[in-house]
Protein chains: 2
Amino acid sequence: MFKKVLIAEDMEDINKGVHTLLKELGILHIEQVQYCDDAYLKIKRAGLDNDPFEMIITDLSFKADHRSQTYPTGQALAEKLNAEFPELKVIVYSVEDRLQAVRTLFNQHHIDAYVCKSRSGLKNLTKAITEVVNGNTFLSPEVSNAFHSTNELEIDDYDISLLENLSKGLSQEEISALYKKVNISPASLSSIEKRLNKLRIQFNANNAIHLVAIVKDLGLI
Amino acid sequence: MFKKVLIAEDMEDINKGVHTLLKELGILHIEQVQYCDDAYLKIKRAGLDNDPFEMIITDLSFKADHRSQTYPTGQALAEKLNAEFPELKVIVYSVEDRLQAVRTLFNQHHIDAYVCKSRSGLKNLTKAITEVVNGNTFLSPEVSNAFHSTNELEIDDYDISLLENLSKGLSQEEISALYKKVNISPASLSSIEKRLNKLRIQFNANNAIHLVAIVKDLGLI
DNA sequence: ACAGTGGTTACGGAAATCCGTAATGTCTTT
DNA sequence: AAAGACATTACGGATTTCCGTAACCACTGT
């Protein structure tokens, strides 16, 4: 089990709940912060002191208040931590269940676990911690279909960009021209058509209108 | 002419351009901010000091940065200002040309003018100011059809049904066939096309995809 | 080196859309 | 009954999307 863990969570009650859980798991040194910026500073400091944190459990959304923050969200924090402290284990503990966000966190920012706050949130969090201790990753069942669900739902940023531009009213040809101008790689009309066709199949959409309606409902864009 | 005016605009160059224009119009006391929150604070302060601003010229979209904001957009700011300082004149100066947004600003938040940033943006802004000085309202020609066009903002159940079927992936021909079967009156493909065209114009949509995206955002479907 | 794989691009035809014009129908007004 | 206003429908052509096929290129591996 880990010895030194940090909790970043703005809601005091939840913060306290997680703290209790960690104590029950036998973690000796637990610190808590209510701002992402404070989390970063504490981790930085601990690194300089040669007594680094082994793991952080962080929320995604922190309500904004008077204090302006360099890292306003857990996502921003995760990105920074992955770049600067790649060995630090990161567990995200959030109500968010947007699959694309989860995918980005795993693929881009290499977090180790994603746990949804829900009825059985703490139970899943326990599972997540034991998995991460053993060097594995963990994904809450609520969002498990973000990856190994039925289909290989590989929706990357390019796809999102495509869908966003479509929903903004650009024709496929206009998107092609735009991508050529700003040097986004598959830029040909043909490639865009092909990619959209793939997305239509993945989302069971009859046509582009249907596709955009679906992904808007899913919150992907 | 007004004596004391505030400019809220995050792009420094534009901010400066508007400032110059106001000086040319003979406005003596001009202040500038790059965040909506600062605008609110300045207006609040001036009110408490019994030297209130007479007018604010504000953008709609402010790019987000590290500073967390209570009023992230000009829309949020306008709403607050209308509630707290109803006598303050508000001119919105934005690239946005979404008619529904303009309508909301006028009807809900009672702004005094809406000017589109465009080739002739500053010219229209001048007009807007003189109109507002005289107690009138002003609307950029680009969005003038938000109101005193036919102003047939009559979106009826038929329109909604059309948009819903579109978003469910039916082609216009399929919708036509469906309406013929269940005896919904304008059922011909031609009528459906015409109606959708009217909706596209009303919502400033480039195509059907764009239209569905817009009305989904508006919560119409 | 050579086949195999996967990603990008090109092309062409069918289908659907976009958009203007015009014909038909329906209802009201006089 | 005639005329006018307005909604519905019909039609034609330009554009766009949809979809299959295929060429081209980079990269991989026994």
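Both backbone and side-chain heavy atoms feed into the values below; hydrogens, waters and symmetry mates do not. A note on names: the letters A, B, ... follow the listed sequences, proteins ahead of strands, and every chain is numbered from 1.
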Check: side-chain hydrogen bond (donor to acceptor under 3.5 Å, both in side chains) with Gln108(A): which residues, sequence neighbours excluded?
Finding: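 side-chain hydrogen bond (donor to acceptor under 3.5 Å, both in side chains) check on Gln108(A) returns Asp157(A).
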Notebook entry, point to check: Between Tyr179(A) and Ser188(A), is any side-chain donor less than 3.5 angstrom from a side-chain acceptor?
Noted result: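 Side-chain D/A pair, Tyr179(A) to Ser188(A): absent.
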In whole Å, what is the span from the [atom1] atom of [X] to the [atom2] atom of [N]?
X	N	atom1	atom2	answer
Leu211(B)	dT17(C)	CG	P	13 Å
His210(B)	dC18(C)	NE2	C1'	16 Å
Glu174(A)	dC18(C)	CD	P	13 Å

Checklist line | side chain to side chain contact (heavy atoms under 4.5 Å, CB included) partners of Pro186(A), counting only residues at least two apart | finding: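 Counting only residues at least two positions away or on another chain, Pro186(A) forms a side chain to side chain contact (heavy atoms under 4.5 Å, CB included) with Tyr158(A), Ser191(A), Arg195(A).
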Note to self: Restricting to side chain to side chain contact (heavy atoms under 4.5 Å, CB included), what partner residues turn up for Ala78(A), sequence neighbours left out?
What the structure shows: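 Checked Ala78(A) against side chain to side chain contact (heavy atoms under 4.5 Å, CB included); matches are Leu105(A), His109(A), Ile111(A).
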Note to self: Just to verify, what does Asp51(A) make a salt bridge (Lys or Arg N to Asp or Glu O under 4.0 Å) with, not counting sequence neighbours?
What the structure shows: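 Once residues adjacent in sequence are excluded, the partners of Asp51(A) under the salt bridge (Lys or Arg N to Asp or Glu O under 4.0 Å) criterion are Lys4(A).
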Note to self: So, using salt bridge (Lys or Arg N to Asp or Glu O under 4.0 Å) as the criterion, who are the partners of Glu131(B) when residues are at least two apart?
What the structure shows: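 Not a single residue meets the salt bridge (Lys or Arg N to Asp or Glu O under 4.0 Å) criterion with Glu131(B).
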Margin query: For nucleotides 6-19 of chain D, give me one character per nucleotide, 5' to 3': B if any protein heavy atom sits under 4.0 Å from the base, S if the only such contacts are to the sugar-phosphate, - if neither.
Written below: --BBBB-----SBB
Find every protein N or O atom lying less than 3.5 Å from an N or O atom of nucleotides 23-25 of chain C, and list the pairs.
none

Margin query: Suppose we screen for ring-ring contact (aromatic ring centres under 6.0 Å, His included). Which residues come up paired with Phe2(A), at least two apart in sequence or across chains?
Written below: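 Counting only residues at least two positions away or on another chain, Phe2(A) forms no ring-ring contact (aromatic ring centres under 6.0 Å, His included).
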Check: How would you list all residue pairs meeting salt bridge (Lys or Arg N to Asp or Glu O under 4.0 Å) that involve residues 168-193 of chain A, not counting sequence neighbours?
Finding: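 Residue pairs with at least one partner in residues 168-193 of chain A: there are none.
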